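Please read the structure below before turning to the comments.
For clarity, every value in this text was computed on a predicted model and none was experimentally measured. Below, all heavy atoms of this structure are taken into account, side chains as well, without hydrogens, waters or symmetry copies.
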Amino acid sequence: MKKVYLFAALAAGMSFASCNNDENVDMVDNNSTLMVENVGLQSLSSRAGITATEFTSGESLSVYIYEGAVGTYGDYNDGQALPATNVKYTQGTQWTAQQPIVVSTKMGVVYACYPWAEGNTDPSKIAVNVAENQGTGQSNGIKDVAEQTDYMWATPVDNVSNKDAKIDLVMNHALAMVSFKFKQSDDNTLTYPGVGKVTSIKLYNDAGRNIIQAGAATMNIADGKITGAAVSANGITVSPASETLMDVTDESLLPRMLVYPNIQWAGGDLKCTITVDGNDYTMNVPVLQAGGGYVAGNNYCYTLTMKGTQLVIENVSINEWIDIDAGAGEIQTPDNV
């Protein structure tokens with residue numbers, strides 16, 4: 001199959017224009033704090049949105065600076081009314097903020113997350129949400145849509161001060177992605193007679209299982225760990241809008257889901273029902289190899305082949321990033337169940 005490379009690890013450059021003693025120096029109380037007026041994110045090699053290859057103009061990050069070791073969240077500015085937490089940096093020709101972060105002689109640790117939200121006040125509890133109904137699952141990647149938000153966190157950067165305030169931000173995906181690709185059999189004797197219009201894909205837990213979670217949760221920007229997600233009673237569903245998905249190779253048109261990272265499962269714990277040309281095909285999702293469940297930052301691409309009256313999973317590739325064949329299986333048509 002053609003490998004689908006989506007959501008690569010994100011790298012962005014963040015430049016704090018430094019000042020010398022003769023220009024742009026602002027003394028704040030007794031802290032001799034340097035006000036760095038020109039702040040930008042440059043040299044983008046990043047992405048946001050389900051299929052985008054880079055951040056697009058107008059997207060915003062939440063940026064923070066704290067004193068002390070990574071994860072301690074000590075107050076950098078000693079309680080003074082200086083912008084240091086949840087500062088909104090927006091992409092234009094550069095990444096800029098209306099009130100840019102002030103750095104002083106103290107060493108600080110910089111954190112960031114995407115997207116910016118006014119409520120991102122507690123860095124250990126950034127609000128995230130995975131919807132049970134994710135629309136068509138076919139975002140064009142220009143920007144996040146309401147049903148599918150690509151939450152990200154930056155690898156913390158330490159030892160930041162007015163002497164060394166030029167940093168690079170590496171953005172990491174907090175969620176995993178599951179995508180679906182459909183193809184016609186190469187065997188002419190097993191040609192599928194239908195159109196191949198996929199109207200619904202549902203990924204859900206078997207009775208009593210807790211693999212698929214949904215709804216509101218929180219993310220810690222120090223490590224991207226998500227807590228508080230609830231087991232989904234209904235599973236996650238996308239409803240593709242294409243007339244047919246058979247042999248579609250344009251990766252931006254493939255239906256996909258965003259899911260919370262989860263634990264390893266056994267055969268039968270996770271199920272999938274796909275509606276093709278009005279017929280429902282239900283299967284046990286193949287167990288993933290080596291360690292697991294869905295891992296944050298990975299794209300799990302299920303390739304399904306129509307062979308006459310059967311829909312067969314040819315393979316499951318794990319793309320990030322990494323490619324691993326993860327299993328195979330098949331589901332029968334309603335006539336053959």
Side-chain angles (χ1 to χ4, degrees), residues 1 4 6 50-51 129-141 144-150 175-185 192-207 209 211-215 230-260 262 265 268-286 294 299-316 327-337:
M1 62 171 285
V4 182
L6 298 173
I50 302 306
T51 60
N129 186 73
V130 167
E132 289 187 334
N133 188 334
Q134 297 190 7
T136 66
Q138 295 165 293
S139 165
N140 62 11
D144 286 332
V145 295
E147 299 89 353
Q148 293 183 322
T149 298
D150 178 15
L175 303 177
M177 182 168 64
V178 181
S179 57
F180 301 86
K181 187 175 183 178
F182 299 84
K183 59 181 292 189
Q184 181 67 268
S185 173
Y192 173 63
V195 175
K197 183 174 182 178
V198 180
T199 53
S200 177
I201 304 173
K202 181 179 178 181
L203 190 66
Y204 57 100
N205 298 306
D206 196 6
R209 305 304 184 184
I211 306 302
I212 296 299
Q213 300 175 318
V231 176
S232 173
N234 301 312
I236 294 176
T237 300
V238 294
S239 303
S242 305
E243 286 302 312
T244 179
L245 287 175
M246 204 60 60
D247 297 322
V248 170
T249 58
D250 185 344
E251 295 162 5
S252 68
L253 299 178
L254 298 179
R256 58 199 71 85
M257 301 172 177
L258 294 183
V259 300
Y260 284 124
N262 51 42
W265 67 81
D269 285 351
L270 189 60
K271 292 184 177 294
C272 184
T273 296
I274 301 175
T275 304
V276 184
D277 294 335
N279 295 315
D280 290 342
Y281 301 80
T282 297
M283 66 175 183
N284 293 327
V285 176
Y294 294 132
N299 170 31
Y300 300 83
C301 184
Y302 292 78
T303 300
L304 300 104
T305 301
M306 295 301 304
K307 293 185 176 181
T309 58
Q310 292 183 338
L311 182 59
V312 180
I313 299 181
E314 294 290 346
N315 71 347
V316 185
E330 66 178 48
I331 47 183
Q332 300 288 334
T333 63
D335 292 340
N336 294 329
V337 172

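Gln138 places no side-chain N or O within 3.5 Å of a backbone atom of Pro255 that could act as its donor or acceptor partner. Under the 3.5 Å distance criterion, the side-chain polar atoms of Tyr260 are matched with a main-chain donor or acceptor of Gly215. No donor-acceptor pair under 3.5 Å is formed between the side chain of Gln134 and the backbone N or O of Ile236. Under the 3.5 Å distance criterion, the side-chain polar atoms of Asn262 are left unmatched by any main-chain donor or acceptor of Ile212.
With sequence neighbours excluded, the residues that form a side-chain contact (heavy atoms from CB on, under 4.5 Å) with Ser185 are Asp187, Leu190, Thr305, Lys307.
Looking at heavy atoms from C-beta onward, Ser242 lies out of side-chain contact with Val198 at the 4.5 angstrom threshold. Counting only heavy atoms from C-beta outward, the side chains of Met283 and Leu311 never approach each other to under 4.5 Å.
Counting all heavy atoms, side chain and backbone alike, Val248 lies closest to Lys181 at O-CE, 4.1 Å. Residues Ser232 and Asn205 come closest through the heavy atom pair O-ND2, 3.4 Å. Between Arg256 and Gln148 the shortest heavy-atom distance is O-NE2, 2.7 Å. Considering all non-hydrogen atoms of both residues, Glu132 and Gly235 come closest at CB-O, 3.4 Å. Ala131 approaches Glu147 most closely through the heavy-atom pair CB-O, 4.0 Å. Shown here for Gly137 and Val238, the closest heavy-atom pair between the two residues is CA-CG1, 3.9 Å.
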Which atom pairs, one a donor and one an acceptor, fall under 3.5 Å between side chains of residues 269-277 and the rest of the protein, sequence neighbours left out?
| residue | atom | partner | partner atom | Å |
| --- | --- | --- | --- | --- |
| Asp269 | OD1 | Arg209 | NE | 2.9 |
| Asp269 | OD2 | Ala266 | N | 2.8 |
| Lys271 | NZ | Asn284 | OD1 | 2.5 |
| Thr273 | OG1 | Tyr204 | OH | 2.9 |
| Thr273 | OG1 | Thr282 | OG1 | 2.9 |
| Thr275 | OG1 | Asp280 | OD1 | 2.6 |
| Asp277 | OD1 | Gly196 | N | 3.2 |
| Asp277 | OD1 | Lys197 | N | 2.9 |
| Asp277 | OD2 | Tyr192 | OH | 2.5 |
| Asp277 | OD2 | Val195 | N | 3.0 |
| Asp277 | OD2 | Gly196 | N | 2.8 |

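Here the CG-CG distance, from Leu203 to Asn234, works out to 13.0 Å after rounding to the nearest 0.5 Å. Distance check: Lys202 NZ to Asn133 CG gives 11.0 Å after rounding to the nearest 0.5 Å. Between atom OH of residue Tyr294 and atom CD1 of residue Ile211 there is a gap of 9.5 Å, rounded to the nearest 0.5 Å.
In this pair, Tyr302 and Phe180 present their aromatic rings parallel. The plane angle is below 30°, not in the 30 to 60° band.
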